[in-house]
Amino acid sequence: FNKTVELHEGILKFYLSGYLNESTTLGTYDYSSINTVIFDLKHVVYINSMGIMTWIRWFENTQNANGRIEYFFIHCPKIILDKANTINHF
């Protein structure tokens with residue numbers, strides 16, 4: 001798993017690649033100044049249910065800190081869509 005993160009003018013952008021699983025960490029940020037989160041998933045080659053659960057916990061933490069954040073997913077490979085569709089409310 002590789003992650004590059006950019007934060008600029010309220011936009012937090014993640015460039016993710018590799019395998020998203022139980023060892024995936026997205027990190028902690030000062031969410032009070034963030035209004036948009038973008039996940040670029042172009043180079044993700046695998047995701048399992050624990051990778052999805054990591055995201056869900058991260059979303060819950062960001063929403064608890066700042067209820068105004070909008071999330072966008074770009075360049076989503078089919079493997080991400082297939083796994084996300086197996087999780088209620090994702």
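FYI, the numbering just counts along the sequence from 1. Only heavy atoms go into these numbers, but all of them, side chains included; no hydrogens, no water, no symmetry mates. Just so it is clear, the structure is predicted and the values come from calculations on it, not from any experiment.
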Nearest-0.5 Å distance, [atom1] of residue [X] to [atom2] of residue [Y]:
X     : Y     : atom1 : atom2 : value
Thr4  : Asp40 : OG1   : CG    : 10.0 Å
His8  : Thr36 : NE2   : OG1   : 12.5 Å
Leu26 : Thr28 : CG    : OG1   : 9.5 Å

Heavy-atom pair of closest approach, residues [X] and [Y]:
X     : Y     : result
Glu22 : Asn48 : OE1-ND2, 3.2 Å
Leu41 : Cys76 : CD1-SG, 3.6 Å
Lys83 : Ile52 : CG-CG1, 3.4 Å

- Item | Trp58 side chain vs Gly27 backbone, donor-acceptor pair below 3.5 Å |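 Indeed, once roles are kept as given, a pair shorter than 3.5 Å links the two residues.
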- Task: Return yes when atom NZ of Lys42 has more than 12 non-hydrogen atoms of other residues, nucleotides or ligands closer than 6.0 Å, and no otherwise.
- Result: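 At most 12 heavy atoms, drawn from other residues, nucleotides or ligands, come within 6.0 Å of this atom.
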- ring pair (Phe, Tyr, Trp, His ring centres under 6.0 Å) against Tyr46, all qualifying residues, sequence neighbours excluded: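 Expected list: Tyr19.
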- Task: Among Asn2, Val44, Val5, find the residue that satisfies the side chain to side chain contact (heavy atoms under 4.5 Å, CB included) test when tested with Leu16.
- Result: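 Only one of Asn2, Val44, Val5 forms a side chain to side chain contact (heavy atoms under 4.5 Å, CB included) with Leu16, namely Val44.
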- Message: Can you tell me which residue among Ile38, Ile11, Val37 is in a side chain to side chain contact (heavy atoms under 4.5 Å, CB included) with Phe72?
- Response: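 Per the side chain to side chain contact (heavy atoms under 4.5 Å, CB included) rule, the option paired with Phe72 is Ile38, out of Ile38, Ile11, Val37.
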- Task: Apply side chain to side chain contact (heavy atoms under 4.5 Å, CB included) to Thr24 and Met50, showing your working.
- Result: CA-CA 9 Å; Thr24 299; Met50 293 305 295; over 6 Å; no
- Considering only heavy atoms from C-beta outward, does the side chain of His43 approach that of Tyr15 to under 4.5 Å?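 No - every pair of side-chain heavy atoms lies 4.5 Å or more apart.
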- Close side-chain approach of Ile34 and Leu7, heavy atoms under 4.5 Å: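 Sidechains of Leu7 and Ile34: in contact.
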- Same hydrophobic cluster for Leu81 and Leu20, using side-chain heavy-atom links shorter than 4.5 Å among ILVMFWY?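 Different hydrophobic clusters.
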- Task: Look at the side-chain heavy atoms of Ile, Leu, Val, Met, Phe, Trp and Tyr, link any pair under 4.5 Å apart, and say whether Phe59 and Tyr29 land in one connected group.
- Result: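 Linked, Phe59 and Tyr29 end up in one cluster.
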- Could you walk me through whether Ile74 and Lys13 pass side chain to side chain contact (heavy atoms under 4.5 Å, CB included), step by step? CA-CA 10 Å; Ile74 61 174; Lys13 188 168 186 180; 4.1 Å; yes
- Kindly determine whether Ile80 and Trp55 satisfy side chain to side chain contact (heavy atoms under 4.5 Å, CB included), including the steps that lead there. CA-CA 12 Å; Ile80 297 290; Trp55 260 350; 4.3 Å; yes
- Query: Going by the angle between their ring planes, with limits at 30° and 60°, are Phe39 and Phe14 parallel, tilted or perpendicular?
  - Reply: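 Phe39 vs Phe14 ring planes: parallel.
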